[in-house]
Amino acid sequence: MQPTTYTQKSMVNSVDCDLARRMTPGALLRLCQQAATDHCTSLGLTNEYYEREHVAFLLAKLACRWNRPIRLDEELTLLTRPETAKRAVYKRITEIRDADGREVALVDSRWVLVDTESRHILRRPTPAIAAVPFAEQVERELPFILPRPESLEPLGEQRALYSLCDQNGHINNTRYIDLACDALPLDMLAGSPVAYLCANYHSEIPAGQAFAAGRARLEDGWYFACSQPQKRCFEAFLTFASLGKSPHAGPARASGTD
């Protein structure tokens, strides 16, 4: 069987945009997540299947590069391609193109299959997932470089509230990106489009639980983290176009290169 790919079109609506009528990073990642979900559904991996088998795909890390800001009312085409598991990690590359076919953004996401009862990562896929013709290798990838500061500016205690959580009972991966953006200076976000984003998802924050947030200004971007006692749950690094070209936002590479 030929490796499976999935194409989906979408419009950038006003609810997806910020003060400058640019699509927010969180909105773009929600669009990519929905395309991946629709792709899996088309292959028979439905919500009913996941519930019956007590499994779920959870995001482990992602990188996103913007070639330019995505604007209100643009028509986008998403092409998403998943790769078969390597050491229990599934890579998915999503290309986002404008109406003229030019690539405006690229998302490299890495997923793990989890037993929703034990919360353990499954080293072997279920029979239905093993039968899906994922590509042996998807050539494109982005660098996963996340510099860590020596200390953080504390932002106080927050909570995994209703609007942040999804059907898996924890903060949705795209909502962490909203939290990261909300933690940064508003005037900078309004004037500077995000150029590159890298995020690591270490440990889930269940619905209703408290967590601490912090940030740090680095030489070419901002670092943001969420933590609970004795563990780091999430961390992200964002660079902005007005801060100069980041070395982390270079061209997409072929798999297996550094």
Side-chain angles (χ1 to χ4, degrees), residues 15-20 22-33 56-64 107 109-112 114-121 144-240 243 246 248:
V15 294
D16 302 320
C17 295
D18 63 10
L19 293 77
R22 297 188 298 253
M23 191 178 203
T24 67
L28 176 63
L29 295 178
R30 280 186 282 280
L31 190 63
C32 293
Q33 181 174 312
F57 280 108
L58 300 184
L59 187 59
K61 63 180 182 178
L62 69 82
C64 182
V107 176
S109 56
R110 309 297 172 97
W111 301 80
V112 292
V114 173
D115 184 312
T116 55
E117 294 185 328
S118 69
R119 315 306 285 184
H120 291 156
I121 295 173
F144 287 89
I145 301 175
L146 204 158
R148 294 178 176 87
E150 294 183 359
S151 61
L152 293 180
E153 174 189 349
L155 300 174
E157 183 179 273
Q158 302 185 40
R159 194 168 292 276
L161 299 175
Y162 168 82
S163 62
L164 298 176
C165 298
D166 60 24
Q167 65 184 15
N168 292 314
H170 58 209
I171 296 180
N172 178 263
N173 65 80
T174 70
R175 298 299 177 183
Y176 284 104
I177 307 306
D178 293 337
L179 290 171
C181 291
D182 287 345
L184 304 184
L186 180 59
D187 57 347
M188 186 193 71
L189 284 164
S192 305
V194 178
Y196 171 81
L197 162 68
C198 181
N200 283 349
Y201 300 81
H202 299 292
S203 179
E204 67 177 346
I205 301 179
Q209 289 193 9
F211 62 94
R215 70 179 186 180
R217 178 72 167 87
L218 300 177
E219 181 179 357
D220 55 357
W222 284 84
Y223 175 91
F224 172 81
C226 298
S227 61
Q228 291 185 310
Q230 308 304 316
K231 63 181 178 181
R232 181 66 49 90
C233 300
F234 169 81
E235 57 182 342
F237 174 63
L238 301 90
T239 69
F240 295 82
L243 299 179
S246 167
H248 312 307

Test applied, side-chain hydrogen bond (donor to acceptor under 3.5 Å, both in side chains); reference residue, Glu204; option that passes from His170, Gln228, Gln209: His170
Interatomic spacing from CG in Leu62 to CG in Asn200 - rounded to 0.5 Å: 8.5 Å
Note, Phe234 side chain near His202 side chain (heavy atom, < 4.5 Å): no
Pro25 side chain reached by Cys64 side chain, heavy atoms, under 4.5 Å: no
Side-chain touch Met23/Leu31, heavy atoms, less than 4.5 angstrom: yes
Plane angle bin for Tyr201 and Tyr176 - parallel if under 30°, tilted between 30 and 60°, otherwise perpendicular: perpendicular
Taking every non-hydrogen atom, the tightest pair across Phe144 and Ala63: CE2-N, 3.5 Å
Salt bridge present between Arg30 and Asp166 (N-O < 4.0 angstrom): no
From Ser163 atom OG to Arg175 atom CZ, the distance as rounded to the nearest 0.5 Å: 7.0 Å
Steps toward side chain to side chain contact (heavy atoms under 4.5 Å, CB included) verdict (Phe237, Ile145): CA-CA 8 Å; Phe237 174 63; Ile145 301 175; over 6 Å; no
Side chain proximity check, Leu29 to Leu197, heavy atoms < 4.5 angstrom: yes
Considering all heavy atoms, the nearest Cys181-Leu189 contact: O-CD1, 2.9 Å
side-chain contact (heavy atoms from CB on, under 4.5 Å) partner of Gln158, chosen from Leu179, Asp182, Leu164: Leu179
Polar side-chain atom of Arg232 near backbone of Ser203 as donor-acceptor pair, under 3.5 Å: no
Test side chain to side chain contact (heavy atoms under 4.5 Å, CB included) applied to Leu186 and Leu19, step by step: CA-CA 10 Å; Leu186 180 59; Leu19 293 77; 4.2 Å; yes
Test item: Leu146 and Lys61 side chains (from C-beta on) under 4.5 Å apart, heavy atoms: no
Shortest non-hydrogen separation from Thr24 to Cys17 and the atoms involved: CG2-C, 4.0 Å
Distance, nearest 0.5 Å, that separates CZ of Arg119 from CG of Leu58: 6.5 Å
Minimum heavy-atom distance Ile177-Gly26, with the two atoms named: CG2-N, 4.1 Å
Chi angles and distances behind the side chain to side chain contact (heavy atoms under 4.5 Å, CB included) call for Trp111, Asn173: CA-CA 11 Å; Trp111 301 80; Asn173 65 80; 4.3 Å; yes
Criterion side chain to side chain contact (heavy atoms under 4.5 Å, CB included) on Phe211 and Ile171, from CA distance to verdict: CA-CA 11 Å; Phe211 62 94; Ile171 296 180; 3.8 Å; yes
Smallest separation among heavy atoms of Val107 and Cys32, with atom names: CG2-SG, 3.9 Å
Candidates Arg148, Arg215, Glu235 - the one meeting side-chain hydrogen bond (donor to acceptor under 3.5 Å, both in side chains) with Tyr223: Glu235
For Pro206 against Ala160, the heavy-atom pair lying closest together: O-CB, 3.3 Å
Rounded distance [0.5 Å steps], CG in Leu184 versus OG in Ser192: 11.0 Å
